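The structure presented is a predicted model; accordingly, all values stated were derived computationally and were not measured.
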Amino acid sequence: MKKVLTIAGSDSCGGAGIQADLKTMSALGVYGMSVICAVTAQNTQGVTAVQEISKDIVEAQMRAIFDDIKVDAVKIGMVSNSEIISTIKNVLLEYKIKNIVLDPVMISKSGYYLLKPEAIGELKNLISISDIVTPNIPEAEELTGMKISSEEDMKKAALKITEYGVKNVLVKGGHRCNSSTDILYFNNEFLSIEGTKIETKNTHGTGCTLSSAIASFLAKGYSIYEAVKLSKEYIHTAIKNSFSIGHGVGPVGHFIDLYKKGGIIYE
């Protein structure tokens, strides 16, 4: 059994964050563990409050895992302030952790800022020790200071992000109107990871799910390119089988087969 650790925030409605990460890991057959960096009050309509966890408790959670369990991959999601980010980076370096996937979560779909602006510099330092970083277009724009409106722009942004020290960058194209093609910079070349655009409002937790899937496949021994391809297939199926649970943006279908066995009918 491969063991994968998520370092992120908690989502009270279960569609994103730690909850989505653990669902994804379980669905893909790895053992999921968690270090919680923040607790959010949120539902399908948005985030209403955030309580950060102290850096000391974040560090204690990490050490409790690493001192006892061999971790095969780490996914990092919502890390809201500079102190927490610096702590995470230092502990990961100390324990020489491999297969680090960083999803640079900055703003929720409802527009709530999950990363403090002054922490962006420290986030770039965390990018430097990651094996792959997976920004969506707004996040890539924030990291690079450039406007992205085409696949060529996505390539330029990916290359610019590598200047922070990471070798592999996945710029996700889901925010573009007519395309869901992602651009992967891997082994010094650009690869298009194509996907069919699915028309649905229920996309809560897609970024968390994709990055957790990549970490899960890396833990299993797949290359970064293979992990991204397989994760893209997984998230495509999960979005295709997404559903509504409230009045806003619903979650994707992490446990598709289990949900169907439970009598859920997708139309």
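- With a 6.0 Å radius and a threshold of 12 heavy atoms from other residues, nucleotides or ligands, Glu194 has its CD atom at or below the threshold.
- Shown here for Ala219 and Ala73, the closest heavy-atom pair between the two residues is CB-CB, 3.9 Å.
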Exercise for review: Could you walk me through whether Lys155 and Tyr185 pass the side chain to side chain contact (heavy atoms under 4.5 Å, CB included) test, one step at a time?
Suggested key: CA-CA 8 Å; Lys155 292 178 181 179; Tyr185 185 73; over 6 Å; no

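- At a threshold of 4.5 Å between non-hydrogen side-chain atoms, the residues Ile132 and Leu170 count as touching.
- Looking only at distances, a side-chain donor or acceptor of Ser211 sits under 3.5 Å from a matching main-chain atom of Cys208.
- Residue Ser216 comes nearest to Val30 through the heavy atom pair OG-CG2, 3.5 Å, listed as atom of the first residue, atom of the second, then distance.
- In this structure, Phe243 and Val252 approach most closely via the heavy-atom pair CE2-O, 4.1 Å.
- Atom-to-atom distance recorded for Asn188:CG and Phe186:CZ is 10.0 Å, nearest 0.5 angstrom.
- Leu210 and Met106 are members of different hydrophobic clusters when ILVMFWY side chains are connected at heavy-atom separations under 4.5 Å.
- Side-chain contact of His204 with Thr44: a donor-acceptor pair under 3.5 Å is absent, judged by distance alone.
- A 4.5 Å side-chain heavy-atom check between Ile161 and Val133 finds at least one atom pair inside the cut-off.
- Rounding to the nearest 0.5 Å places OG of Ser128 at 13.5 Å from CD of Glu163.
- Formation of a donor-acceptor pair under 3.5 Å by the Ser231 side chain with backbone atoms of Ile214 is found in this model.
- For the ring-ring contact (aromatic ring centres under 6.0 Å, His included) condition, the pairs that include at least one residue of residues 35-69, sequence neighbours left out, are Phe66-Tyr95.
- Atom NZ of Lys201 has more than 12 neighbouring heavy atoms from other residues, nucleotides or ligands inside a 6.0 Å radius.
- Of the possible polar contacts, none joining the Ser212 side chain to the Thr209 backbone as a donor-acceptor pair under 3.5 Å is found.
- Cluster membership check: Phe217 does not share its hydrophobic cluster with Met1, using side-chain heavy-atom separations under 4.5 Å among Ile, Leu, Val, Met, Phe, Trp and Tyr.
- When each of Ile84, Ile85, Val79 is tested with Asn81 by the rule side-chain contact (heavy atoms from CB on, under 4.5 Å), just one qualifies, namely Ile84.
- Counting heavy atoms from C-beta on, the side chains of Glu152 and Phe190 never come closer than 4.5 Å.
- Applying the salt bridge (Lys or Arg N to Asp or Glu O under 4.0 Å) test to every pair with at least one member in residues 10-22, sequence neighbours left out, gives these pairs: Asp21-Lys75.
- A donor-acceptor pair is defined here as one N or O able to donate and one able to accept, closer than 3.5 Å; such a pair exists between the side chain of Asn168 and the backbone of Asp131.
- Considering all non-hydrogen atoms of both residues, Ser192 and Glu151 come closest at OG-OE1, 4.1 Å.
- When atom types are taken as modelled, the side chain of Lys167 and the backbone of Thr162 share no donor-acceptor pair closer than 3.5 angstrom.
- Residue pairs satisfying the salt bridge (Lys or Arg N to Asp or Glu O under 4.0 Å) criterion with at least one member in residues 29-47, sequence neighbours excluded, are absent.
- In this structure, the side chain of Tyr234 does not engage the main chain of Thr24 through any donor-acceptor pair within 3.5 Å.
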Exercise for review: Apply salt bridge (charged side-chain N to carboxylate O under 4.0 Å, His left out) to Arg63 and Glu59, showing your working.
Suggested key: CA-CA 6 Å; Arg63 292 188 183 279; Glu59 179 176 349; 2.9 Å; yes

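- For residues 225-238, the pairs satisfying salt bridge (Lys or Arg N to Asp or Glu O under 4.0 Å) are Asp182-Lys232, with sequence neighbours left out.
- Checked against side-chain contact (heavy atoms from CB on, under 4.5 Å), Ile57 has the following partners two or more places apart in sequence or in another chain: Ile53, Ser54, Gln61.
- In this structure, NZ in Lys160 is found 8.0 Å from CE in Met146, a value given to the nearest 0.5 Å.
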Could you give the side-chain donor-acceptor pairs of residues 116-127 under 3.5 Å, partners two or more places apart or in another chain?
unit_1: Lys116; atom_1: NZ; unit_2: Glu52; atom_2: OE2; d: 3.4
unit_1: Lys124; atom_1: NZ; unit_2: Tyr164; atom_2: OH; d: 3.4

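- To the nearest 0.5 Å, atom CD1 of residue Ile7 and atom CD1 of residue Ile36 are 12.0 Å apart.
- Taking every heavy atom of both residues into account, Pro135 and Val169 meet most closely at CD-CG1, 4.3 Å.
- A continuous path of ILVMFWY side-chain contacts below 4.5 Å connects Leu102 to Leu22, so both sit in one hydrophobic cluster.
- Sorted by first and then second residue, the ring-ring contact (aromatic ring centres under 6.0 Å, His included) pairs with a member in residues 29-55 form an empty list; sequence neighbours excluded.
- Inter-residue side-chain proximity for Ile76 and Asp103 is flagged as unmet; no heavy-atom pair is nearer than 4.5 Å.
- Between the Lys220 side chain and the Leu28 main chain, a donor and an acceptor come within less than 3.5 Å of each other.
- If you chain together hydrophobic residues whose side chains sit under 4.5 Å apart, Ile239 and Ile137 never meet in one group.
- For Ser12, the side-chain contact (heavy atoms from CB on, under 4.5 Å) criterion is met by Gln42, not counting sequence neighbours.
- With rounding to the nearest 0.5 Å, the separation of CD1 in Ile235 from CD1 in Ile198 is 9.0 Å.
- Side-chain atoms of Lys89 and Ile129, non-hydrogen and from C-beta on, do get closer than 4.5 Å to each other.
- With hydrogens and angles ignored, the 3.5 Å screen pairs a side-chain donor or acceptor of Asp153 with a backbone N or O of Ser149.
- At least one donor-acceptor pair under 3.5 Å links the side chain of Thr48 to the backbone N or O of Ala41.
- By the 4.5 Å heavy-atom criterion applied to side chains, Met33 and Val71 are counted as neighbours.
- Following chains of ILVMFWY side-chain contacts shorter than 4.5 Å, one cannot reach Leu184 starting from Val171, and the two form parts of different hydrophobic clusters.
- Sequence neighbours left out, the pairs with a member in residues 133-144 that pass salt bridge (Lys or Arg N to Asp or Glu O under 4.0 Å) are Glu141-Lys147.
- The side-chain contact (heavy atoms from CB on, under 4.5 Å) test applied to Asn202 returns Thr200, Ser242, Ser244, not counting sequence neighbours.
- Every residue two or more places apart in sequence or in another chain that forms a salt bridge (charged side-chain N to carboxylate O under 4.0 Å, His left out) with Asp72 is listed here: Lys70.
- Here the side chains of Val74 and Val4 are not in contact, with every heavy-atom distance at 4.5 Å or above.
- Counting heavy atoms from C-beta on, the side chains of Met78 and Thr40 come closer than 4.5 Å.
- Ile65 approaches Leu5 most closely through the heavy-atom pair CG1-CD1, 4.4 Å.
- Between atom CE of residue Met62 and atom CG of residue Asp67 there is a gap of 11.0 Å, rounded to the nearest 0.5 Å.
- Contacts of Gln51 classified as side-chain contact (heavy atoms from CB on, under 4.5 Å), with partners at least two apart in sequence or in another chain: none.
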Exercise for review: Go through the steps to decide whether Val105 and Leu115 satisfy the test side chain to side chain contact (heavy atoms under 4.5 Å, CB included), and finish with yes or no.
Suggested key: CA-CA 7 Å; Val105 177; Leu115 176 72; over 6 Å; no

